[in-house]
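One structure below.
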Number of protein chains: 2
Amino acid sequence: MGRRRSVSAGEPLIWEDDDSLLVANVIEGVLKLTTSTADGREQIVGVAYPSDFIGRPFGQTSAASVVALTDARVCVFARNDFDRFAREHPELEHKLLERTLAELDRTRAWMMLLGRKSAPEKIATFLLDMSERLADNGCMTHTGPARHFTLPFSRQQVADLLGLTIETVSRQFTKLKADGVVALPSRRDVEILDRAMLETLAG
Amino acid sequence: MGRRRSVSAGEPLIWEDDDSLLVANVIEGVLKLTTSTADGREQIVGVAYPSDFIGRPFGQTSAASVVALTDARVCVFARNDFDRFAREHPELEHKLLERTLAELDRTRAWMMLLGRKSAPEKIATFLLDMSERLADNGCMTHTGPARHFTLPFSRQQVADLLGLTIETVSRQFTKLKADGVVALPSRRDVEILDRAMLETLAG
DNA sequence: CGCGATCCTTGACCGAAATCAAACCTGCCG
DNA sequence: CGGCAGGTTTGATTTCGGTCAAGGATCGCG
């Protein structure tokens with residue numbers, strides 16, 4: 001059970017306020033979870049990496065849209081089937097509970113960033129977070145924080161993640177580059193030159 | 001099992017970065033979950049009402065401090081005991097999973113507010129949210145959104161919840177009063193006079 | 001290679017919310 | 001009742017990040 005499905009970059013998987021018809025496991029790639037206002041402002045409320053679970057079991061509607069950031073492969077299940085199966089398999093529910101609790105912790109840490117951090121702090125925190133996240137998911141050969149990585153986000157998506165505008169994100173990146181804290185070999189590539197400084201800036 | 005405990009307003013129950021030694025169920029009262037930066041900025045990342053679960057099972061440290069906003073009664077468990085008990089009772093784990101998923105939904109909706117909404121939108125959203133939350137928890141006799149309620153928050157705490165300063169919160173309250181959208185009979189009391197307008201302002 | 005589309009950067013300016021500072025309530029306790 | 005302390009409101013000013021507006025880079029594709 002569970003159908004494999006490929007999703008190419010930019011393609012949606014679940015719509016906000018959809019009847020929550022499916023859940024999925026990420027096999028490969030990175031996806032964003034977003035909520036939007038009526039007038040088009042967007043906030044990224046979560047990012048799903050390989051092995052992460054997406055969708056909303058035991059609920060009528062999903063609170064967020066899911067869109068692939070990179071080409072991705074996922075394993076999708078009809079929500080009804082999944083719900084039934086989960087209730088019969090406590091080990092699965094336990095695993096899901098642990099993951100959901102961990103996700104809630106991460107989300108709460110991100111609320112601190114959104115509500116109380118300045119633009120420079122947001123950017124520094126973001127880069128450190130990415131260097132850890134991308135190291136843990138087969139995107140890197142060695143473990144531990146990565147010195148160099150390729151962002152799965154465009155500048156606009158970084159802005160939507162941090163609650164900033166694209167211009168502010170761009171300016172902060174430029175500043176970090178000018179100060180020799182990071183190198184930016186291409187639009188999506190980041191090399192951390194001075195991790196200690198980034199950690200100071202992150203607050 | 002599970003010891004009853006009274007907590008008076010302002011008293012802490014769990015410290016941030018504590019070894020996560022206990023979990024609890026709220027019986028009566030309201031508590032805040034907060035994270036803080038080294039330099040003292042605070043963000044409220046969750047609010048626990050009667051019947052809500054607090055603490056972090058299956059994890060080494062709790063990500064947030066818990067402090068009572070009003071006098072409260074809780075039922076506390078040693079985390080280790082709770083973890084063991086939960087693993088043996090799938091029904092309990094299922095219940096906890098459902099609650100955690102619901103809390104994650106609420107938290108994500110709040111991220112939208114923190115990252116993308118203006119001060120007037122934040123205040124309007126907050127008041128509507130409170131009118132629903134406080135109606136559901138025995139604080140009101142009838143069900144459905146409340147027209148009048150008593151905030152469990154000081155102005156500073158509202159600011160910490162919305163990612164604003166106390167001055168901005170105060171000014172927005174004053175403006176809503178001047179515009180006849182709400183009445184503020186006392187510091188903590190709110191009466192919604194024009195719900196439709198609040199909903200428009202909430203965006 | 002060249003063209004166009006898209007994304008990104010940069011600059012000038014503006015405005016919402018923060019900061020700084022000073023009064024003003026409100027409740028409490030002697 | 002009077003005075004004090006905490007919390008709150010209000011005002012003046014500053015600043016950070018947003019908005020508006022051009023350019024520039026990069027990529028895909030014929």
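Per chain, numbering begins at 1; letters A, B, ... match sequence-line order.
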Does OP1 or OP2 of D/dT9 have a side-chain N or O of B/R155 closer than 4.0 Å?
-> yes
Within the 6.0 Å centroid threshold, strictly below: B/F53 and B/F82 | yes
Nearest nucleotide by nearest heavy atom, which residue falls closer to the 5' end of DNA chain D, A/A119 or B/I166?
-> B/I166
Report the distance from atom CZ of B/F173 to atom C1' of D/dT9, rounded to the nearest whole Å.
-> 13 Å
Minimum-distance nucleotide to A/S118 side chain [options: D/dT19, C/dA17, D/dG17] = D/dG17
Would you mind reading off the distance between B/L184 atom CG and C/dC24 atom P, rounded to a whole angstrom?
-> 20 Å
Of the nucleotides C/dT19, D/dG7, C/dT10, which has the atom closest to the B/E167 side chain?
-> C/dT19
Residue B/R187, side-chain heavy atoms: nucleotide from C/dT9, D/dG6, D/dG17 that is nearest | D/dG6
Which residue lies more 5' along DNA chain C, comparing A/R171 with A/R188 via nearest heavy atoms = A/R188
Donor-acceptor under 3.5 Å (A/S170 side chain, A/I166 main chain) = no
Interatomic distance where CG belongs to A/L176 and C1' belongs to C/dT9 [whole Å] | 15 Å
At their closest point, which heavy atom of B/E11 faces which heavy atom of B/R5, and how far apart are they?
-> OE2-NH2, 4.0 Å
Grab the CG-C1' distance between A/D39 and D/dT19 for me, whole Å please.
-> 15 Å
Separation of A/Q156 atom CD from D/dG18 atom P, in whole Å?
-> 11 Å
Starting from P on D/dG11, measure out to NZ on B/K175 and report it in whole angstrom.
-> 15 Å
Looking across every strand, which nucleic acid part, if any, lies under 4.0 Å from A/S154 by heavy atom: base, sugar-phosphate, or nothing?
-> sugar-phosphate
Would you kindly give the CG-to-P distance between B/L201 and C/dA16, to the nearest whole Å?
-> 15 Å
Using only side-chain N and O atoms of A/T168, determine if any of them is under 4.0 Å from OP1 or OP2 of D/dG17.
-> no
Could B/R108 and B/E103 be called an ion pair, given the rule that one side-chain N must be under 4.0 Å from one carboxylate O?
-> no
Within the structure, does a side-chain N or O atom of B/T174 lie under 4.0 Å from either OP1 or OP2 of D/dT10?
-> yes
Between atom CG in A/L164 and atom P in C/dA16, what is the gap in whole Å?
-> 18 Å
If you draw a 6.0 Å radius around CZ in B/R3, do more than 12 non-hydrogen atoms from other residues or ligands fall strictly inside?
-> no
